[in-house]
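Nothing here was measured: the structure is a model prediction, and the numbers come from that model.
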Amino acid sequence: IFNKLSDDDQQDIWQAMVMIRNKLSDANDVITIRPFTQSDIEYVISRHKTLYYAERHLSGTFSEYVDKIVYSFVNKYNEKTDCLKILECNGVPAGSIAIAKVDETTAQLRFFMLEPEMRQRGYGNRLMDMALDFCHEKGYKKVFLLTITAQIIARHVYETHGFYKVSSNDK
């Protein structure tokens with residue numbers, strides 16, 4: 001059926017289907033954003049590894065990096081200067097975002113991730129707004145993040161929230 005349609009028409013139908021799914025999900029899903037608990041650490045680690053491997057084909061080196069940075073964050077975690085929020089859909093973790101203090105005026109955005117079915121529903125923006133509100137409340141003057149070129153949609157979310165590219169490493 002779809003092969004007889006132009007690429008533009010196929011794209012229009014795809015967008016309409018996404019909108020229908022999102023409207024039905026939004027009407028029926030119970031969404032919460034809450035502080036992390038110790039049981040969320042494995043979720044943050046495993047889903048970053050799984051999604052980055054499936055979507056970006058990142059190797060075992062990335063997997064080791066995720067273990068290291070998440071455990072380092074949690075071991076240094078101070079609720080007065082850091083935050084890690086978990087997005088839940090119907091009581092099941094479905095995304096995350098964190099802020100890590102770097103110094104008195106600087107913070108780093110970390111662990112921003114959404115399950116595929118939660119994307120294009122505004123939850124990435126909600127998580128980002130919460131994280132940046134936290135930074136404002138804590139008096140951070142500068143917030144930075146590190147990402148990879150392939151994160152096109154995430155980069156768009158970052159840019160709409162005031163982030164911009166400062167440097168690039170193509171190695």
Side-chain angles (χ1 to χ4, degrees), residues 11 14-15 18-19 21-22 25-26 31-36 40-41 43-59 61-74 76-79 81-89 93-171:
Q11 187 63 30
W14 172 252
Q15 289 301 321
V18 167
M19 192 251 329
R21 179 204 66 193
N22 290 348
S25 295
D26 289 344
I31 304 298
T32 56
I33 300 174
R34 60 168 177 77
F36 89 102
D40 295 317
I41 297 167
Y43 166 76
V44 172
I45 291 171
S46 68
R47 293 308 289 157
H48 271 77
K49 288 178 181 181
T50 302
L51 289 172
Y52 274 81
Y53 180 77
E55 296 173 354
R56 304 292 173 243
H57 311 292
L58 297 183
S59 68
T61 303
F62 176 76
S63 186
E64 293 169 11
Y65 172 73
V66 170
D67 286 336
K68 178 182 170 185
I69 63 170
V70 172
Y71 283 118
S72 175
F73 173 82
V74 171
K76 296 176 186 174
Y77 183 80
N78 178 339
E79 66 182 25
T81 59
D82 307 311
C83 78
L84 173 53
K85 299 289 186 181
I86 302 296
L87 174 78
E88 281 188 343
C89 179
S96 64
I97 197 164
I99 294 294
K101 176 184 176 180
V102 174
D103 60 39
E104 295 305 314
T105 61
T106 308
Q108 182 176 7
L109 181 80
R110 315 280 329 239
F111 319 134
F112 180 49
M113 182 273 306
L114 287 173
E115 295 293 342
E117 64 274 11
M118 301 307 291
R119 297 173 187 166
Q120 298 183 358
R121 294 175 63 184
Y123 298 118
N125 288 322
R126 283 178 56 187
L127 286 172
M128 188 67 64
D129 289 341
M130 289 180 80
L132 295 176
D133 287 348
F134 177 86
C135 291
H136 180 73
E137 290 168 14
K138 299 303 176 184
Y140 295 124
K141 305 287 185 226
K142 184 169 45 170
V143 183
F144 73 94
L145 62 96
L146 304 173
T147 191
I148 59 174
T149 304
Q151 293 292 80
I152 295 167
I153 294 172
R155 284 193 355 244
H156 176 73
V157 172
Y158 301 143
E159 289 167 359
T160 60
H161 285 84
F163 289 89
Y164 55 92
K165 187 187 330 187
V166 173
S167 66
S168 178
N169 183 353
D170 295 329
K171 293 180 184 177

Using atom types as modelled and distance alone, determine if a side-chain donor or acceptor of [X] lies under 3.5 Å from a backbone N or O of [Y].
X	Y	answer
Arg34	Glu88	no
Tyr140	Phe134	no
Asp103	Thr106	yes
Tyr43	Gly95	yes

Shortest non-hydrogen contact between [X] and [Y], atoms and distance:
X	Y	answer
Leu87	Ile33	CD1-CG1, 3.5 Å
Ile86	Pro93	CG2-CB, 4.0 Å
Lys49	Asp67	NZ-OD1, 2.9 Å
Asp82	Lys76	OD2-O, 3.7 Å
Cys135	Ile99	SG-CD1, 3.5 Å

If I take atom [atom1] from residue [X] and atom [atom2] from residue [Y], how far apart are they, to the nearest 0.5 angstrom?
X	Y	atom1	atom2	result
Leu127	Leu132	CG	CG	11.0 Å
Arg110	Leu145	CZ	CG	10.0 Å
Glu104	Lys141	CD	NZ	11.5 Å
Tyr65	His48	OH	NE2	10.0 Å
Cys89	Arg121	SG	CZ	5.5 Å
Met118	Ile31	CE	CD1	3.5 Å

Using side-chain heavy atoms (C-beta onward) and a distance below 4.5 Å, is [X] in contact with [Y]?
X	Y	answer
Asn125	Thr160	yes
Leu51	Pro116	yes
Lys138	Thr81	no
Lys85	Pro35	yes
Leu146	Gln108	yes
Val157	Phe112	yes

In terms of the angle between their ring planes, are Tyr158 and Phe163 parallel, tilted or perpendicular, with boundaries placed at 30° and 60°? perpendicular
For the residue pair Phe73 and Phe111, categorise the inter-ring angle as parallel (less than 30°), tilted (30 to 60°) or perpendicular (more than 60°).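 Rings of Phe73 and Phe111: perpendicular, as their planes differ by over 60°.
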Within a radius of less than 6.0 Å around CZ of Phe144, do more than 12 heavy atoms belonging to other residues, nucleotides or ligands occur?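 More than 12 heavy atoms, drawn from other residues, nucleotides or ligands, come within 6.0 Å of this atom.
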Decide yes or no on side chain to side chain contact (heavy atoms under 4.5 Å, CB included) for Asp129 and His161, but give the supporting numbers first. CA-CA 8 Å; Asp129 289 341; His161 285 84; 2.8 Å; yes
Could you check Lys142 against Thr105 for side chain to side chain contact (heavy atoms under 4.5 Å, CB included), going step by step and ending with a plain yes or no? CA-CA 6 Å; Lys142 184 169 45 170; Thr105 61; 6.0 Å; no
